[in-house]
Amino acid sequence: MSKVESQTSLVIVVGPTAVGKTEISIQLAERLDGEIVSADSRLFYRGMDIGTAKPTPEQRSRIHHHLIDVADPRETWSLSLFQRAASEAIADIHARGRTPFLVGGTGQYIHAVTRGWTPPAAAPDMSLRADLESRAKYEGYQRLYEELQQFDPASAKRIDPRNVRRTIRALEVIRLTGRKFSDQRGQAEGPYRLLTIGLTRPRPELYARVDARIESMFAAGLREEVQGLLNSGISLDLPAMTSIGYRECVGVLQGRLTVEEAKMQMRRATRVFVRRQANWFKLDDPSIHWFEVGRVQIEEIESLIRSFLNL
RNA sequence: GCCGAGAUAGCUCAGCUGGUAGAGCACGCGACUGAAAAUUGCGGUGUCCCCAGUUCGAUCCUGGGUCUCGGCA
C-alpha cells in the first residue's frame, strides 16, 4: 500500500461566520457520502442552539454531525480535547468507509488537526491561573512578562507583553512541567491528505447577513435560551458564556442593556469576529480553494472533491 | 420672531487668547500550540460648515451667511 493510499483523506470546509458553511457542507456530504466533524468552539455545548447558529435537528437528521452537543456549558472544552476527539471521529468515519468533512469557524482548532500540532500536555490549572491573574492585577502585567522572559525568552519573544492570557498559559506550562513552553509546542507532519475548501462572500454582504441573523435569533427566542442558562445557575465567566449574543443577552436580562443596545453590540462583535477569523485562512493561501458563495454552483465544489477523492 | 449654545474623522467629541489637528468607538491589517465567539499588537481616516476680512500665517480672532439644538414667544 502506498503512503497516499494509507493516509486518510480529509475535506476541510472553512469560512467566516454566517457565510453559509452549514448548509453547503451538508449538501456536499449528502452528495459524497460524508459525515461532518464540527470544528467550532461553541457548538460543543448543549443548550446553546440559537445564539451559536447550531445546525438544526432537521439538518442534523440529514447528515451525521460529530462534536456537537458533547459537553455541558458548565464544562470547559479546549483545543487539546477537541483535537483528540476530532481525530477519533475522523478515524471512525474513515473506518466505516465514509468521507470525513471537517467544518467550522474556529481556525485554531482546524490548524491543530490539519497541521499536526502537539500542544504542551499540561492541563489547565484554574487555581494557578487565578493566582497569576491576581498577580497581574496587583503587581502589573510587566512583572509576569519579565518572569516569562527570564524562564523562557523564546516564548516571551512570541507573546505580546500585554497579552496576559498567553503569558499566563506559558508560565502555567513551565510551572507544571518544569520545562520551557517553547520546547513543548510542536508541529508534526499532518496525518491527513487534505483538500481545503474556503467559502467567502464580499464583506458588505456578509455583514448584512450577520445583521439579519441577529434579528432572527431574537425572533427565535435567544433571550429565553439565555434565561434558561442563567436559571441553571451557570457562572458568567465560563467560556460558554463569553460567546457573542450570550454575554449581551445577560446584559439585557440584568437590565444593563436595552435590546437595541444588545443587538448593536452583537453586530459589532460579530463583524470583529469575522475579521479575526480571516486571519486563520487567507484569501492568498495557495492551499485553499476559495469559492464565493452565491456565485458558485454546488456541483463545481462537488466535482473538485470528487477528483480529490478519486471517485 | 427673539435670546442662548453649537457646526472638527463614518459616529460621539477634545483641541492650551493664532504655526493646517487628536481620543474613544467604528473601519482595516497582524499574532495565536489545553480559555480562541477568548486574549492581544499595529495602522489610515479629515475642503476643521461657507464667504469675506485682519495677519507672514487662521480650526482658533472679526464681520456676514447657512444649518442644527435648547429656551422664550
Side-chain angles (χ1 to χ4, degrees), chain A residues 16-18 38-45 48 51-54 71 73-86 104-126 128-130 132-133 136 141 144-145 152 154-173 176-177 180-188 190 203-204 207 210 213-214 217 235-249 261 264-284:
Chain A
T17 192
S38 164
D40 188 303
S41 68
R42 300 294 126 127
L43 298 190
F44 303 141
Y45 301 115
M48 300 179 66
T52 59
K54 194 176 279 177
R74 272 170 289 238
E75 297 175 48
T76 297
W77 259 53
S78 66
L79 175 69
S80 191
L81 260 32
F82 166 80
Q83 195 184 27
R84 209 166 301 153
T106 305
Q108 189 201 35
Y109 287 10
I110 291 180
H111 278 188
V113 169
T114 60
R115 301 189 174 185
W117 283 7
T118 55
D125 179 334
M126 292 310 164
L128 176 54
R129 285 183 183 185
L132 293 169
E133 261 164 41
Y141 63 85
L144 287 190
Y145 187 73
D152 186 356
S155 289
K157 270 184 85 171
R158 310 177 101 259
I159 296 175
D160 290 312
R162 306 185 65 151
N163 199 331
V164 179
R165 279 264 169 120
R166 298 225 290 131
T167 303
I168 286 179
R169 172 58 186 160
L171 288 172
E172 176 186 53
V173 169
L176 261 31
T177 63
K180 290 179 185 173
F181 180 71
S182 52
D183 290 345
Q184 299 183 60
R185 31 162 285 159
Q187 181 162 345
R203 282 271 166 92
Y207 289 171
V210 164
R213 191 160 85 171
I214 288 167
M217 283 176 177
S235 160
L236 294 181
D237 43 44
L238 284 162
M241 293 308 279
T242 65
S243 308
I244 296 170
Y246 293 83
R247 58 199 192 208
E248 288 83 2
C249 279
E261 287 167 339
M264 193 182 65
Q265 291 188 12
M266 286 170 67
R267 289 193 285 267
R268 289 214 273 252
T270 310
R271 289 197 286 262
V272 171
F273 178 45
V274 163
R275 277 178 251 134
R276 282 200 313 239
Q277 282 180 304
N279 278 339
W280 293 93
F281 301 101
K282 316 269 184 180
L283 289 171
D284 61 3

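Not measured: the values here are computed from a predicted model. Every chain is numbered from 1, with letters handed out A, B, ... down the list of sequences.
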### Task
Please tell me which of the listed nucleotides, B:rA35, B:rA31, B:rC25, lies nearest to the side chain of A:R169?
B:rA35
### Message
Taking only the P atom of each, what is the distance from B:rC48 to B:rC11 in whole angstrom?
### Response
15 Å
### Query
Which whole number of Å gives the distance between the C1' atom of B:rC27 and that of B:rG19?
31 Å
### Task
Using the C1' atom on both, measure B:rA35 against B:rC42 and round to a whole Å.
24 Å
### Nearest listed nucleotide, side chain of A:W280, among B:rA31, B:rG34, B:rC32
B:rC32
### Message
Going by ring-ring contact (aromatic ring centres under 6.0 Å, His included), name the residues that satisfy it together with A:W117, two or more places apart in sequence or in a different chain.
### Response
none
### Task
Quote, to the nearest angstrom, the P distance that separates B:rG4 from B:rG64.
13 Å
### Task
Could you tell me which residues satisfy ring-ring contact (aromatic ring centres under 6.0 Å, His included) with A:F281, sequence neighbours excluded, listed by chain and number?
A:H111
### Message
For B:rC29 and A:K282 - does any side-chain N or O of the residue sit under 4.0 Å from the phosphate oxygens OP1/OP2?
### Response
no
#### Entry: B:rA36 OP1/OP2 closer than 4.0 Å to side-chain N/O of A:R42
yes
### Message
Please tell me if A:R271 has a side-chain N or O lying less than 4.0 Å from either OP1 or OP2 of B:rC27.
### Response
yes
### Summary
Atom CG of A:N279 and atom P of B:rA31 are separated, to the nearest Å, by 6 Å
### Message
Need to verify one output field. Residue with the more 5' nearest nucleotide on RNA chain B, A:A123 or A:T242?
### Response
A:A123
### Query
To the side chain of A:R166, which of B:rA36, B:rU33, B:rA26 is closest?
B:rU33
## Note on the structure
Taken to the nearest 0.5 Å, the spacing of A:T17 OG1 from A:D40 CG works out to 8.0 Å
### Task
Go ahead and write out RNA chain B as dot-bracket, 5' to 3': ( ) for pairs within the strand, [ ] for ones crossing earlier pairs, | when the partner sits on another strand, dots for unpaired; Watson-Crick or G-U wobble, both distances under 3.5 Å.
(((((((..((((.....[..)))).(((((.......))))).....(((((..]....)))))))))))).
### Query
Within the structure, does a side-chain N or O atom of A:R165 lie under 4.0 Å from either OP1 or OP2 of B:rU39?
no
#### Entry: Nearest-0.5 Å distance, CZ of residue A:R267 to CD1 of residue A:I214
6.5 Å
### Query
Which residue pairs pass the salt bridge (charged side-chain N to carboxylate O under 4.0 Å, His left out) test with at least one member in residues 154-173 of chain A, sequence neighbours excluded?
A:R129-A:E172, A:R169-A:E172
### Task
Mind checking side-chain contact (heavy atoms from CB on, under 4.5 Å) for A:A156 and listing every partner two or more places apart, or none if nothing turns up?
A:Y145, A:L148, A:Q149
### Side-chain N,O (A:R129) to OP1/OP2 (B:rA38) below 4.0 Å
no
### Task
Not counting sequence neighbours, which residues clear side chain to side chain donor-acceptor pair (under 3.5 Å) with A:K54? List them please.
A:D49, A:D69
